[in-house]
Amino acid sequence: MYEPIDQSFFEKDTLELAQQLLGHYIVHEQQTGLLVGRIVETEAYQGPEDRAAHSFRNRRTKRTEIMFQKPGYAYTYQMHTHTLLNVVAGSIETPHAVLIRAIEPVLGMEQMRLNRGAHVKEVNLTNGPGKLTKALGITMQYYGHHLLDRPLFISQGEGRKEIAVSPRVGIGNTGDAVHYPWRFYEKDNPFVSKYRL
DNA sequence: TTTAAGATGCCC
DNA sequence: GGCATCTTAAAC
């Protein structure tokens with residue numbers, strides 16, 4: 001039923017990929033069962049020109065190294081107490097990534113509740129980049145994992161509604177980059193994260 | 001070796 | 001609005 005998508009899917013312009021990811025599934029096959037979420041919000045980060053990107057000015061470190069590889073790898077990193085998940089984008093040596101900011105629970109909601117806490121309302125289970133990784137059980141162990149490989153992969157979706165666009169969330173102090181319209185989400189979807197400065 | 005900062009989220 | 005709490009990078 002859920003099968004990894006083709007490598008060619010990742011090989012497109014980064015802004016295009018960020019939009020194309022909307023409506024596709026993230027699948028995590030765990031011992032406890034299948035966890036599936038439908039991607040409803042993404043953001044593009046395009047080093048070396050993009051001041052908000054970790055790879056700004058081709059900064060190449062242990063953390064950013066995966067962004068210089070071929071597209072389709074998972075770039076996970078720790079943000080305070082949370083793990084955030086990116087899909088590496090752009091050709092080799094072009095350090096782009098697409099941050100997955102929100103998903104809509106499709107399968108395994110019981111386990112997602114266990115991962116997130118029983119008192120959390122359904123709409124708040126996965127409506128943020130740190131929330132969805134916790135719900136899906138995604139940790140730093142997936143840094144450098146390729147998203148065509150089980151147990152964590154992208155799977156073909158069944159389409160999406162209208163795409164809305166906005167500036168990216170939570171990038172203060174990055175000059176012009178603050179205004180780039182590189183956040184994409186499915187219009188009117190209740191699982192999209194709250195916009196913050 | 002030490003320190004600061006961060007693509008967040010939860011609680012007060 | 002404060003603060004948790006972890007990884008990395010850059011300062012010293």
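Here the structure is a predicted model, which means the values were calculated and not measured. All values below were derived from every heavy atom in this structure, side-chain atoms included, with hydrogens, water molecules and symmetry-related copies excluded. In what follows, chains are A, B, ... by sequence order, proteins preceding strands, each numbered from 1.
C:dT7 atom P lies 15 Å from atom NE2 of A:His54, rounded to whole Å. Going from atom CE of A:Met79 over to atom P of B:dA4 covers 17 Å, rounded to whole Å. If you measure from atom CG of A:Leu197 to atom P of C:dG1, you get 12 Å, rounded to the nearest angstrom. Rounded to an integer number of Å, the gap from A:His82 NE2 to B:dA7 P is 14 Å. Taking atom CZ of residue A:Arg63 and atom C1' of nucleotide B:dA4, one finds them 13 Å apart after rounding to whole Å. Remark: P of C:dT8 and CD of A:Glu65 are 13 Å apart, rounded to the nearest angstrom. Nucleotide B:dA7 holds its C1' atom 14 Å from the CD atom of A:Gln46, rounded to whole Å. The nearest whole Å value for the distance from the OH atom in A:Tyr77 to the C1' atom in B:dA5 is 12 Å.
For A:His80, taking side-chain heavy atoms from C-beta onward, the closest of the listed nucleotides B:dA7, B:dG6, B:dC11 is B:dG6. Of the listed nucleotides (B:dG9, C:dC6, B:dC11), B:dC11 has the atom at the smallest distance from the side chain of A:His119. You'll find that the side chain of A:Gln78 is closest to C:dC6, out of C:dC6, B:dT8, B:dA7. Candidate nucleotides B:dT8, C:dA10, C:dT8 were compared by shortest atom distance to the side chain of A:Arg59, and C:dA10 ranks first.
Both tests do not hold together for A:Arg101 against A:Tyr185: distance to the six-membered ring centre under 6.0 Å, angle to the ring axis within 45°.
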(request) Go through the steps to decide whether A:His24 and A:Arg38 satisfy the test side-chain contact (heavy atoms from CB on, under 4.5 Å), and finish with yes or no. (result) CA-CA 6 Å; A:His24 288 307; A:Arg38 181 173 173 273; over 6 Å; no
Q | Chi angles and distances behind the salt bridge (Lys or Arg N to Asp or Glu O under 4.0 Å) call for A:Arg168, A:Glu43 | A | CA-CA 7 Å; A:Arg168 292 171 291 180; A:Glu43 281 179 358; 5.5 Å; no
Check your understanding: Stepwise, does the side-chain contact (heavy atoms from CB on, under 4.5 Å) test hold for A:Leu35 with A:Asn115?
Key -> CA-CA 11 Å; A:Leu35 299 178; A:Asn115 292 346; 4.3 Å; yes
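Looking at A:Thr126, its side chain does come within 3.5 Å of a backbone N or O of A:Ile103 through a donor-acceptor pair. In terms of modelled atom types and a separation under 3.5 Å, the side chain of A:Thr174 and the main chain of A:Ala52 share no donor-acceptor contact. The main-chain N or O of A:Glu16 is found under 3.5 Å from a side-chain atom of A:Asp13 such that the two form a donor-acceptor pair.
At the heavy-atom level, A:Leu99 lies under 4.0 Å from base atoms of the strands shown.
Base pairing in DNA chain B yields stems of at least 3 consecutive Watson-Crick or G-U pairs, both distances under 3.5 Å, namely B:1-6 with C:6-11, B:8-11 with C:1-4.
In this structure, A:Arg196 reaches the B:dT8 phosphate: one of its side-chain N or O atoms is under 4.0 Å from OP1 or OP2. For the OP1/OP2 pair of B:dC10 and a distance below 4.0 Å, the side-chain nitrogens and oxygens of A:Arg116 include at least one atom meeting the criterion.
Each of A:Asn173 and A:Val120 was assigned the nucleotide of DNA chain B with the nearest heavy atom; the assignment lying further toward the 5' end belongs to A:Asn173.
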